[in-house]
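For reference, the structure discussed in these notes is given below.
A note on names: the letters A, B, ... follow the listed sequences, proteins ahead of strands, and every chain is numbered from 1. Fair warning: this is a prediction, and the values are worked out from it, not measured in the lab.
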Amino acid sequence: MDDLLDQYDLVLQAFWLTIQLSVLSGLCSLVFGTLLAALRVGPISVLRAAGTTYVALVRNTPLLLVFVFVFIAAPNLGWFVGTPFLVKGVIAMSVYTSAFVCEAVRSGVNAVSVGQAEAARAIGLTFTQTMGSVVLPQAFRAVVPPLASVLIAMTKNTSIAAVFGLMELTGRMRYFTNNSADDTVIFLVFAAFYIVLVELISAGAIGLERRWRAAR
Amino acid sequence: MTAATTPETGTETVVALAGVDKWFGPLHVLQGIDLTVHRGEVVVVIGPSGSGKSTLCRAINRLETIDNGSITLEGRPLPQEGKELARLRSDVGMVFQSFNLFAHKTVLENVTLGPIKVRGTKRTDAEKRARELLDRVGVGQQAAKYPAQLSGGQQQRVAIARALAMDPTLMLFDEPTSALDPEMIKEVLDVMVDLARGGMTMIVVTHEMGFARTAADRVVFMSDGAIVEESTPDDFFTNPRSERAQDFLGKILKH
């Protein structure tokens, strides 16, 4: 415990890095995952197939392998050479998580009655406008709980980044446990940081659900 | 005929269907449909369930595709899915059996969405016009509410206002009162009769024979995917020619 207190700045830096990884990956995954979902329910068969393939490929790959690809294989191919570690971490997290976001959003799209899209098309909205103004807003309302689960899993998955030299919470935890006999306390302290983040996501989800339930 | 039919029912063709066929798998749901609707005309399509009335109605703004034949709107054939079709649909108002108001938008937003997104109307102008239309169909007080807070009859009147906001050249009604309680049917039919009197070109799929009698210029009777009989409401109800129509009317006009 003394180690943690003496070097509290390292602990806070690690917490900040985990927050950055989570927030940036979360935003990228939500945007990209939603686009993927739109492709998968869209009218163009080539794009539908592309979306389906992406999800199949990425969802069936362990996150660790995605990280290996972005951090090791890709630079060998000449990609992401010299890209900051944080950015590479966000790319790996987002590539992986957006497949799950896509499927959650798609289940929401399927939950919106066909009549809603028909009514939108009947007043002359294009496919993009129908998705953007009518279908997706309702789909999101329906999938707040599963999306929250996806984002919570993603937040905890950021710990994989420790393997690739990002000193986020888990990386920093290992630094402390390697140099201390006081393992249990260190574990508990770092676990608490994750719990804080996850609870923030849960609270946000509950808030959104409440607000959207009131508005209809 | 009644007052409903007098406003300049012209000779200008708004919709023309020629030899339209459609199959749902092995089921031949539209069989060689020929139908022409002129400007200002109110055509009521009746017939037993499963006779293809709704499919016909939905085919006209291409919510259903057809397998054979042609459909033209104001002389232009229906385009493929895409921007041009969207533009064409914006000129055709559609009212659904299940209302289909946008559940996450207020009544006012439901009516202004099309004008703002499709026509590029300024929000303030769109809202002013939407309030006029909502007043006209008698739900002006409900503008700030969400669809789920309204009765079925109110929702359907909002749906009519939403369609009217696009200044359509043609209105399609797909069994607009079939999901409503009896006392709400009248409030919706009153709005539709007003529209008909105002000279709107309308195709109405309905089971409301009273509406057909008072507002229709022409009754189209469908059975098993084909148009069996086409005549004035007076003729049709007092003197149906086909056996199918006699049978159908015998069943529904008994009580």
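With a 4.5 angstrom heavy-atom cutoff, B:Arg58 touches chain A only via side-chain atoms. The parts of A:Gln116 that come within reach of chain B are both its backbone and its side chain, each placing non-hydrogen atoms under 4.5 angstrom from that chain. No part of B:Leu85 comes within reach of chain A, as not one of its non-hydrogen atoms sits under 4.5 angstrom from that chain. Contacts between A:Ala120 and chain B at a heavy-atom distance below 4.5 Å involve backbone atoms as well as side-chain atoms. Only the side chain of B:Phe96 comes within contact range of chain A, with at least one heavy atom under 4.5 Å from a heavy atom of that chain.
Seen from the ring of A:Phe193, A:Arg172 does not count as a face-on cation partner, given the 6.0 Å and 45° thresholds.
Taking the six-membered ring for Trp and thresholds of 30 and 60 degrees, A:Trp79 and A:Phe69 have ring planes more than 60 degrees apart, a perpendicular arrangement.
Residues A:Phe71 and A:Phe80 place their aromatic rings such that the two centres sit no closer than 6.0 Å. Remark: aromatic rings of A:Phe32 and A:Tyr54 are close, center separation under 6.0 Å.
The choice from B:Val92, B:Thr106, B:Leu63, B:Asp91 that makes the most heavy-atom pairs within less than 4.5 Å of chain A is B:Leu63. Contacts with chain A were tallied for B:Leu101, B:Val95, B:Leu172; B:Leu101 has the most, counting heavy-atom pairs under 4.5 Å.
A:Thr170 and A:Tyr194 form a side-chain donor-acceptor contact under 3.5 Å, judged by distance and modelled atom types alone.
With values rounded to the nearest 0.5 angstrom, B:Arg62 atom CZ is found 12.0 Å from B:Leu73 atom CG.
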